[in-house]
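Worksheet: one structure, shown below.
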Amino acid sequence: MKALALISQDGGGGRTFLAANLSSLLKGPVALLELGDASSSELSLHLGLVSRPFSEASLNSLKEAKSLFSLGLGGSVPAFALPGGEGWLLVDGLSTASNGWEAWLEWCGRGLLVERGDLVGGRRASRSLRLLDERHFSRAGLCLAWTPSFPAQPMPEFPGLTAYALPEFPRAAERLAQALPASQSDPSTPFAKATKALAQAIELLPAMPSRITDAVTVAPVAVPETGTQGGDQEESLLRRCLDSLRQELNLRKIEATELTSPRFRENWTPKTRQMAAVLLAQEHASWLTREVRADLVEKLVCLVLGLGPLEALLADPQVTEIMVNSHDQVYAERQGKLALSPVKFWDDAQLLQVIERIVAPLGRRIDESSPRVDARLPDGSRVNAIIPPLALKGPCLTIRKFSQKRISIEEMVRSG
């Protein structure tokens, strides 16, 4: 059995009306779950069904063409997995303005955004989609339905998200009052044909990758080693998104002296993070869980606005020195002891870009005619860089950080 969460920013957008019409078009037995009080169930009025309590046993025994279940608004996400076999569970009552919608969408694995096809509905859909991107949901597991509006208005388009506009059908509400969804009672109408096309698209929606229960906040971490599980795929994805992100942000117009200033990064981080989330939301792969997407967003921010793979080491207060002997050999000093770090650059070109980002704001340059440079980071850390032809194995970089705490003689003795 597959599940679909019908989502809107708030009620009144035609979500329940659409759920009733879709129930007669999806293949196999269809169960409708209304996240509300059974005594005020609109679906029971529309479909002439009696609401029943929702449980794992009720789904496992589902053999009827259509069944209706109710669950109070305070109901938690089921602890059980959906049963196998054909059929659909339509979850109605999800609003991005209420608590718990993320967990329900993760449990369902597929989502249908429903808003009225007017200017207000367009703004609400944009807001909901921005929220979904910020929560790192894949757009591949989503589609959008514009419910009828008169007069019809042009609606915004969203990259990576297929939208279906349902035409006006004045008798649709009348049919539902008679417990006859218009998609079933009037199959030759444009409304019924559009609803059928939407149902066919829903049948083909891929399930989102494995789910988590809470929104994730991930600290900047280094790009993983090439060759680790998913490393090559991740590198390819980051490179592709990085090119698009730099093109969208168009940072070439910004002066080099501004690029490394703390205020610049503080001002540009929210916009960069939002744009990175939108780009990643359009990517779909089995390994792209919400945790991975959140992690990749932070990596892209570091690659665009910071020093890329070195950001994690620079942010680590225990690291006092960073030695980059080559793009795939980075050492870090902690408590006076050097150790090989898992941090790696993609190639020499990426390492050279980081070096140029460090020296450019200082009015310095590094190239074949001047292959060695000494510089400082904004926090005072000392930097030494050397590139070919003086460096035989590619660019090299050393960063000497200043500890925030002075080390006493006793601490030196204790640490050996």
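We're numbering straight along the sequence, starting at 1. What you see is a predicted model; the values in this text were computed from it and never measured.
For E234 and K299, the salt-bridge test passes: some basic side-chain N is under 4.0 Å from an acidic carboxylate O. A salt bridge links E235 to R239: one of the charged nitrogens lies within less than 4.0 Å of a carboxylate oxygen. Contact check on D379 versus K401 returns no salt bridge, with no Lys/Arg side-chain nitrogen under 4.0 Å from an Asp/Glu carboxylate oxygen. In summary, R15 and E115 do not engage in a salt bridge, as defined by a charged side-chain N under 4.0 Å from a carboxylate O. By the 4.0 Å N-to-carboxylate-O rule, D295 lies too far from R293 to be salt-bridged with it. Residues R265 and E311 are paired through a salt bridge, judged by an N-O separation under 4.0 Å between the basic side chain and the carboxylate. Ion pairing between a basic and an acidic side chain is recognised when a charged N comes within 4.0 Å of a carboxylate O; E134 and R273 show no such pairing. Looking at D374 and R364, no side-chain N of the basic residue comes within less than 4.0 Å of a carboxylate O on the acidic one, giving no salt bridge.
Inter-residue side-chain proximity for L166 and L18 is flagged as met; some heavy-atom pair is nearer than 4.5 Å. In this structure the side chain of V292 never reaches within 4.5 angstrom of the side chain of H136, judged on heavy atoms. Put simply, the side chain of L90 reaches to within 4.5 Å of the side chain of L22, judged on heavy atoms. Counting heavy atoms from C-beta on, the side chains of M1 and L59 come closer than 4.5 Å. Taking the side chain as every heavy atom from C-beta outward, V114 and I7 never approach each other to under 4.5 Å. Put simply, the side chain of L296 reaches to within 4.5 Å of the side chain of L288, judged on heavy atoms. Between V324 and I399, every side-chain heavy-atom pair lies at or beyond the 4.5 Å cut-off. Taking the side chain as every heavy atom from C-beta outward, L242 and V304 approach each other to under 4.5 Å.
Using cut-offs of 30° and 60° for the angle between ring planes, the F17 and F191 rings count as tilted. F80 and W107 have perpendicular rings, their planes meeting at more than 60° on a 0 to 90° scale where under 30° would count as parallel.
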Side chain to side chain donor-acceptor pair (under 3.5 Å) evaluation trace for S51 with S70
CA-CA 6 Å; S51 178; S70 290; 2.6 Å; yes
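Counting non-hydrogen atoms of neighbouring residues, nucleotides and ligands closer than 6.0 angstrom, the CZ atom of R240 exceeds 12 such neighbours. Counting heavy atoms of neighbouring residues, nucleotides and ligands inside a 6.0 Å radius, atom CD of E248 does not exceed 12 of them.
Side-chain N/O atoms of S67 and R52 include a donor and acceptor closer than 3.5 Å. Of the N and O atoms on the side chains of Q335 and S415, not one donor lies less than 3.5 Å from an acceptor on the other residue. At a cut-off of 3.5 Å, with distance as the only test, no side-chain donor of T398 or N384 sits close to an acceptor on the other residue. Between the side chains of D348 and H327, at least one donor-acceptor pair of N or O atoms lies under 3.5 Å.
Of all heavy-atom pairs spanning Q274 and R130, the tightest one is NE2-CD, 3.4 Å. Closest of all the heavy-atom pairs between S61 and S58 is OG-O, 3.3 Å. Nearest heavy atom pair, residue R376 against residue G380, reads NH1-O, 2.8 Å.
No close placement of the W104 and W101 rings is indicated, their centers lying 6.0 Å or farther apart.
Between the D186 side chain and the T189 main chain, no donor and acceptor come within less than 3.5 Å of each other.
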